[in-house]
Amino acid sequence: QVQLVESGGGLVQAGDSLRLSCAASGRTISTLTMGWFRQAPTKEREFVAVIDRSGYSTYYSDSVKGRFTISRDNAKNTVYLQMNSLKPEDTAVYYCAADSSFGLSQSLRRYDYWGQGTQVTVSS
């Protein structure tokens, strides 16, 4: 079993930056593909970014590409999401997720473990 705890969310202005963290316990994340998803009010949860086990391969949604960076520190069992040039449309609850299979998946159904989420609010 893997427990994931997100932190780092908050209220910021458009153009600001935030860094989200996802601390894992119960299993080393070096054996897991890690992803970030988000869910805005009245919308479905959507893919944001994913990073492979080694940290060498990443993939982003078109809406965040060039602004967000996913990274991982396997020694600290932590995954990060650096968010720059934030926009009001980035406002959502951000979730960390872990996938025990291989590959860089954008599908929610591939992920076995989920955190509780952290709120990010971007004002205009």
Side-chain angles (χ1 to χ4, degrees):
Q1 196 73 4
V2 178
Q3 292 77 43
L4 303 172
V5 178
E6 303 94 337
S7 62
L11 172 62
V12 297
Q13 293 187 333
D16 285 351
S17 298
L18 275 177
R19 188 176 82 155
L20 305 183
S21 299
C22 172
S25 59
R27 178 173 168 180
T28 175
I29 64 168
S30 62
T31 63
L32 299 166
T33 297
M34 302 297 296
W36 285 96
F37 292 77
R38 67 186 182 186
Q39 187 166 16
T42 73
K43 293 188 176 181
E44 294 186 352
R45 194 169 300 188
E46 64 175 7
F47 166 79
V48 174
V50 60
I51 187 167
D52 75 344
R53 299 177 179 204
S54 67
Y56 289 124
S57 295
T58 59
Y59 188 78
Y60 299 90
S61 69
D62 288 342
S63 61
V64 307
K65 194 176 300 180
R67 299 188 297 122
F68 290 12
T69 303
I70 187 172
S71 62
R72 64 193 296 158
D73 186 337
N74 287 345
K76 294 184 177 180
N77 233 32
T78 301
V79 179
Y80 305 98
L81 185 68
Q82 177 67 43
M83 307 186 295
N84 298 331
S85 302
L86 282 161
K87 304 175 182 179
E89 50 263 45
D90 294 319
T91 295
V93 176
Y94 283 71
Y95 296 91
C96 174
D99 174 8
S100 57
S101 62
F102 289 95
L104 298 175
S105 178
Q106 303 174 55
S107 173
L108 280 72
R109 289 174 290 184
R110 278 278 299 271
Y111 289 80
D112 307 295
Y113 307 102
W114 292 84
Q116 293 301 305
T118 184
Q119 176 71 46
V120 172
T121 304
V122 184
S123 64
S124 57

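No experiment lies behind these values; they were computed from the predicted model shown. Computation of the quantities below employed the complete heavy-atom set of this structure, encompassing side-chain atoms and omitting hydrogens, waters and symmetry-equivalent molecules. Numbering starts at 1 and runs along the sequence shown.
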Got a second to check how far [X]'s [atom1] is from [Y]'s [atom2], nearest 0.5 Å?
X: Gln82; Y: Leu18; atom1: CD; atom2: CG; answer: 8.5 Å
X: Arg19; Y: Thr69; atom1: CZ; atom2: OG1; answer: 11.5 Å
X: Ser124; Y: Gln13; atom1: OG; atom2: CD; answer: 9.0 Å
X: Ile70; Y: Leu20; atom1: CD1; atom2: CG; answer: 10.5 Å
X: Ser85; Y: Asp16; atom1: OG; atom2: CG; answer: 9.5 Å
X: Leu4; Y: Met34; atom1: CG; atom2: CE; answer: 5.0 Å

Could you tell me whether the side chain of [Y] reaches within less than 4.5 Å of the side chain of [X], counting heavy atoms only?
X: Arg67; Y: Asp90; answer: yes
X: Glu89; Y: Ser63; answer: no
X: Arg38; Y: Val64; answer: yes
X: Thr91; Y: Gln119; answer: yes
X: Asp99; Y: Asp112; answer: yes
X: Glu44; Y: Leu108; answer: no

Inset, instruction - Consider only side-chain N and O atoms of Ser107 and Ser105, and report whether a donor and an acceptor are under 3.5 Å apart. - result: no
Legend entry - ring-ring contact (aromatic ring centres under 6.0 Å, His included): pairs with one or both residues in residues 26-75, sequence neighbours excluded: Phe37-Phe47, Phe37-Tyr111, Phe37-Trp114
Would you say [X]'s side chain and [Y]'s backbone share a donor-acceptor pair under 3.5 angstrom?
X: Asn84; Y: Ser17; value: no
X: Glu6; Y: Gln116; value: yes
X: Asn74; Y: Arg53; value: yes
X: Arg72; Y: Asp52; value: yes
X: Asp73; Y: Thr78; value: no

Find out if a path of hydrophobic residues (ILVMFWY) with successive side-chain heavy-atom gaps under 4.5 Å connects [X] to [Y].
X: Leu81; Y: Tyr113; answer: yes
X: Val93; Y: Val120; answer: no
X: Tyr95; Y: Val50; answer: yes
X: Tyr80; Y: Met83; answer: no

Inset, instruction - In plain terms, say whether Lys65 and Asp62 are close enough for a salt bridge, that is, a side-chain N and a carboxylate O under 4.0 Å apart. - result: yes
Legend entry - Shortest non-hydrogen contact between Leu32 and Ala98, atoms and distance: CD1-CB, 3.9 Å
Inset, instruction - For residues Lys43 and Gln39, report the shortest heavy-atom separation together with the two atoms involved. - result: O-NE2, 3.1 Å
